[in-house]
Amino acid sequence: MGERSTISGERSTTSGERGTILIFENCPAVAECFAIRYNEIESVYRRGMLSIGGSTMPTPSMEDYLERIYKLIEDKGYARVSDIAETLDVHPSSVTKMVQKLGQREYLIYEKYRGLMLTPKGKKIGKRLVYRHELLEDFLHIINVEHDNIYADVEGIEHHLSWDAIDRIGDLVQYFREDESRIEDLRTTQKKEEG
């Protein structure tokens, strides 16, 4: 059995299973207010209903769509259902359903047969998602991941990193880009380790 602080400062126990109550040891009042089970948070997030600061966070699937829509609009000036379906390699009816969900969450405005536009909220998130993707590609390139693996690797990890981790990776990329000789030093070290 684990222990947690309560609002009165007493100690109480929680089970050690996966659904253990999340605790904030240094702030008992916060611990009491946010005594939410991990599996409940995960379940709500997976259904795309997690709300932080009054704003519903997009699911990983929604993020993929928002990222692609933002990129299409930046590149072509518009995004149609057929374009999104082609670039994500999904059926157009799947795109239509997701676009409707994104519209309900106010990430975009969708008019059947007329295309779609990102709302300011959708543009902001789309821009961040494209930045995240490009940053991770750059990072994997710097650390010398094989070119053919980079896209799949980024797709595999981008939804599992916190924005704090993304910021730290950004710092590291900046560190290497400020002095390209650092990348050469890294390559030299990698060759020594391989040989």
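Side chains included, hydrogens not; waters and symmetry mates left out as well; all remaining heavy atoms used.
Smallest separation of non-hydrogen atoms from Pro58 and Tyr107: CD-OH, 3.3 Å. Here the shortest heavy-atom pairing between Glu67 and Val130 reads O-CG2, 3.7 Å.
Each salt bridge (charged side-chain N to carboxylate O under 4.0 Å, His left out) pair with one or both residues in residues 185-195, not counting sequence neighbours, would appear here, but there are none. The side-chain hydrogen bond (donor to acceptor under 3.5 Å, both in side chains) contacts involving residues 75-84 comprise Lys76-Asp83, Arg80-Asp83, where partners must be two or more places apart or lie in separate chains.
Aromatic ring centres of His133 and Tyr151: separated by under 6.0 Å.
Under 4.0 Å is where a charged nitrogen must lie from a carboxylate oxygen, and between Lys71 and Glu134 at least one such pair does.
Side-chain contact between Tyr110 and Thr96 is present, with at least one heavy-atom pair separated by less than 4.5 Å. Using a 4.5 Å cut-off on side-chain heavy atoms (C-beta onward), Phe139 and Ile143 make contact. Here the side chains of Leu161 and Leu136 are in contact, with some heavy-atom distance below 4.5 Å. Within the 4.5 Å cutoff, the side chain of Arg128 has heavy atoms near those of the Trp163 side chain. Counting only heavy atoms from C-beta outward, the side chains of Ile183 and Arg177 approach each other to under 4.5 Å. Looking at Glu137 and Leu140, their side chains never come closer than 4.5 Å, going by heavy atoms from C-beta outward.
The CD atom of Glu158 lies 8.0 Å from the CD1 atom of Ile166; values are rounded to the nearest 0.5 Å. Going from atom CD1 of Ile69 over to atom CE of Met117 covers 13.0 Å, rounded to the nearest 0.5 Å. Interatomic distance, CD1 of Ile157 versus CZ of Arg132, reported as 9.5 Å (0.5 Å rounding). Rounding to the nearest 0.5 Å places CD1 of Ile73 at 5.5 Å from CG of Leu116. Atom CD of Gln104 is separated from atom CD of Glu106 by 10.5 Å, given to the nearest 0.5 angstrom. The line from OH of Tyr65 to NZ of Lys97 is 10.0 Å long, rounded to the nearest 0.5 Å.
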Evaluate Arg182 against Ile142 for side-chain contact (heavy atoms from CB on, under 4.5 Å), listing each step before the verdict. CA-CA 10 Å; Arg182 294 171 180 159; Ile142 286 170; over 6 Å; no
Could you go step by step and tell me if Asp64 and His159 meet the side-chain contact (heavy atoms from CB on, under 4.5 Å) rule? CA-CA 9 Å; Asp64 286 339; His159 301 294; 2.8 Å; yes
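Every salt bridge (Lys or Arg N to Asp or Glu O under 4.0 Å) that Asp171 has, sequence neighbours left out, goes to Arg168. Residues meeting the ring-ring contact (aromatic ring centres under 6.0 Å, His included) test with Tyr175, sequence neighbours left out: none. Scored by the side chain to side chain contact (heavy atoms under 4.5 Å, CB included) test, Glu86 finds no partners at all (sequence neighbours excluded). Qualifying side chain to side chain donor-acceptor pair (under 3.5 Å) partners for Ser93, counting only residues two or more places apart in sequence or in other chains: His91.
Hydrophobic clustering (side-chain heavy atoms under 4.5 Å, transitive across Ile, Leu, Val, Met, Phe, Trp, Tyr) keeps Ile109 apart from Leu66.
The closest donor-acceptor contact from the side chain of Lys121 to the backbone of Arg105 lies under 3.5 Å. Proximity of a side-chain donor or acceptor of Gln100 to a complementary backbone N or O of Val95 within less than 3.5 Å is not detected.
Using modelled atom types and a 3.5 Å distance limit, the side chains of Ser162 and Asp164 yield no donor-acceptor pair. A donor-acceptor pair shorter than 3.5 Å can be found between the side chains of Gln174 and Glu178.
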